[in-house]
Amino acid sequence: MTSIPVIDFSLFTSHPEECARQINDASKDIGFFYVKNHGVSQKSIDRMLKCTQSYLTKLPLSSPPYQSLDPEHQTQGDLKEYEDDLSRLANEVLQCLALALQIPESAGGRHFFGKSHDWDGPMPTTLRFLHYPPQDRDPKSPLAGSHTDYGSVTLLIQKDIGGLEIQPSRTHKDALWIPVPIIPDAILVSIGDLFQMWTNGLLKSTKHRVTHIPQQLNRSRYSIACFLFPNDDIKLEPIPSPLITQKMRDEAIEFEKCRNMAAREYLAWKLAQTYDYGRIRKENS
Ligand SMILES: O=C(O)CCC(=O)C(=O)O
Ligand SMILES: [Fe+2]
């Protein structure tokens, strides 16, 4: 695959197996897909983007380029409506992944991942509102450096200005970066590290970054990311899918060091690495 497929998510209601097949094909290959007809109200998306714009642009430039809100303490209002729509979509995407991975009924069937992602519980699923201010700095340095997402699945909404790029090839570090266009009314979904580990690499957590669009240097960029995380104690062991064989497990040696970790520990470990990396770079510059 050299481009990100667009999946008509109304298939989830009419033909769930077909929806699952398309999501599976994209997740095994490029690790990213768009969903349209996703049922998240455009009105609530627009309101969220408007709030992001009016709130984040008022923060001092020294603030971090993102703010995380805590949906747990929202009981009504715009954020609540958005969060309800998004959690329904997230749950349906997780059902498609369970269907595609043929999780046996005895283990929960299509609700296998829904059970480990308890949206109302104390899990660290995060909504992140991102503002990338206009650039007067070196346009060659990316707005967000190359990374994979640490959670299970990410749902992303971007406003007007592109710049997101992905590196689908995993064979060498200088492989081609391909731009991710903004498709109006579509939500971008990506597979995170946890799914890659749970499936011994069958599903792909793909590197991505945000770069400058030269014609847009003087404009702010906004996006809203929802990073799905499972409950803290979920292990990073292979899941019960007949598609994940012992051979794949033997080959997935890069995941071995994380095998005994629970999801929360992995998150803390990744954050510590990122933080240390940032600190070391700062100290050496
Ligand atoms: O802002 C974007 O478009 C992507 C941000 C991202 O990849 C992240 O925060 O993990
Ligand atoms: Fe990301």
Side-chain angles (χ1 to χ4, degrees), residues 3-4 6 26-27 30-35 38 40 45-46 48-53 55-57 59 63-71 82 86 90 93 124-135 137 139 141-168 170 177-197 203-214 216-217 219-229 263 266-275 277-278:
S3 63
I4 300 175
V6 183
S27 307
I30 204 161
F32 273 74
F33 54 93
Y34 298 94
V35 288
H38 42 66
V40 180
I45 293 179
D46 290 344
M48 282 298 103
L49 285 166
K50 230 184 178 143
C51 292
T52 315
Q53 218 163 332
Y55 174 62
L56 292 186
T57 33
L59 292 176
S63 315
Y66 58 81
Q67 297 290 314
S68 298
L69 294 189
D70 168 12
Y82 179 70
L86 215 60
V93 169
T125 284
T126 310
L127 272 181
R128 185 171 282 175
F129 295 75
L130 291 133
H131 169 220
Y132 304 86
Q135 289 305 305
R137 292 179 293 143
S141 72
L143 294 171
S146 158
H147 66 281
T148 54
D149 288 350
Y150 312 155
S152 50
V153 168
T154 304
L155 308 175
L156 184 74
I157 287 163
Q158 305 170 82
K159 183 166 163 54
D160 303 338
I161 297 180
L164 182 63
E165 295 181 331
I166 61 171
Q167 192 180 44
R170 291 156 183 90
W177 287 92
I178 61 172
V180 178
I182 294 181
I183 300 190
D185 305 337
I187 293 180
L188 186 66
V189 184
S190 58
I191 298 295
D193 294 350
L194 299 185
F195 260 104
Q196 181 162 308
M197 282 187 272
L203 304 193
K204 305 291 191 301
S205 178
T206 298
K207 269 195 189 153
H208 52 283
R209 66 183 184 187
V210 182
T211 57
H212 301 273
I213 301 283
Q216 309 276 16
L217 286 181
R219 291 183 60 192
S220 279
R221 180 179 192 277
Y222 298 95
S223 60
I224 306 177
C226 174
F227 301 101
L228 288 192
F229 283 92
Y266 180 71
L267 174 62
W269 182 62
K270 287 297 280 192
L271 289 173
Q273 277 184 344
T274 311
Y275 174 74
Y277 177 68

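This one's a predicted model, so the numbers in the text were calculated from it and none came from an experiment. Note that ligands are numbered from 1 as they come in the structure, with each ligand's atoms numbered from 1 the same way.
Heavy-atom contacts of Arg221 reach the following atoms of ligand 1: 1 (O), 2 (C), 3 (O) (cutoff under 4.0 Å). Each of the atoms 7 (O) of ligand 1 lies under 4.0 Å from some heavy atom of His208. Atoms of ligand 1 found under 4.0 Å from any heavy atom of Val210 (numbered from 1 in listed order, with element): 2 (C), 4 (C).
Within the 4.0 Å heavy-atom criterion, the part of Asp149 lying near ligand 1 is the side chain and not the backbone. If you look at Ser223 next to ligand 1, the close heavy atoms, those under 4.0 Å, all belong to the side chain.
Looking only at heavy atoms of the protein, atom 5 (C) of ligand 1 is closest to Tyr132 OH, 3.5 Å. Taking atom 10 (O) of ligand 1 as the reference point, the nearest protein heavy-atom neighbour is His147 NE2, 2.9 Å. What sits closest to atom 9 (O) of ligand 1 on the protein, heavy atoms only, is Phe227 CZ, 3.5 Å.
Contact annotation: the side chain of Arg221 never approaches that of Ile213 to less than 4.5 Å [non-hydrogen atoms, C-beta and beyond]. Side chains of Ile183 and Ile4 form no contact here, defined as non-hydrogen atoms less than 4.5 Å apart. The closest side-chain heavy-atom distance from Phe195 to Ser205 is not below 4.5 Å. Between Val180 and Tyr34 the shortest side-chain heavy-atom distance falls below 4.5 Å.
Atom NE2 is the N/O/S atom of His147 found closest to the Fe ion (ligand 2). Asp149 contributes atom OD1 as its closest N/O/S atom to the Fe ion (ligand 2). Summary: NE2 is the N/O/S atom of His208 found nearest to the Fe ion (ligand 2).
A distance of 10.0 Å separates OG1 of Thr148 from CG of Leu194, quoted to the nearest 0.5 Å. Once rounded to the nearest 0.5 Å, the distance linking NZ of Lys159 with NE2 of His131 reads 12.0 Å.
Classification of the Tyr150-Tyr266 ring pair by plane angle, with boundaries at 30° and 60°, yields perpendicular.
Annotation: Lys207, atom NZ; neighbour count of heavy atoms from other residues, nucleotides and ligands within 6.0 Å does not exceed 12.
Note: no N/O pair closer than 3.5 Å links Arg128 and ligand 1 by distance alone.
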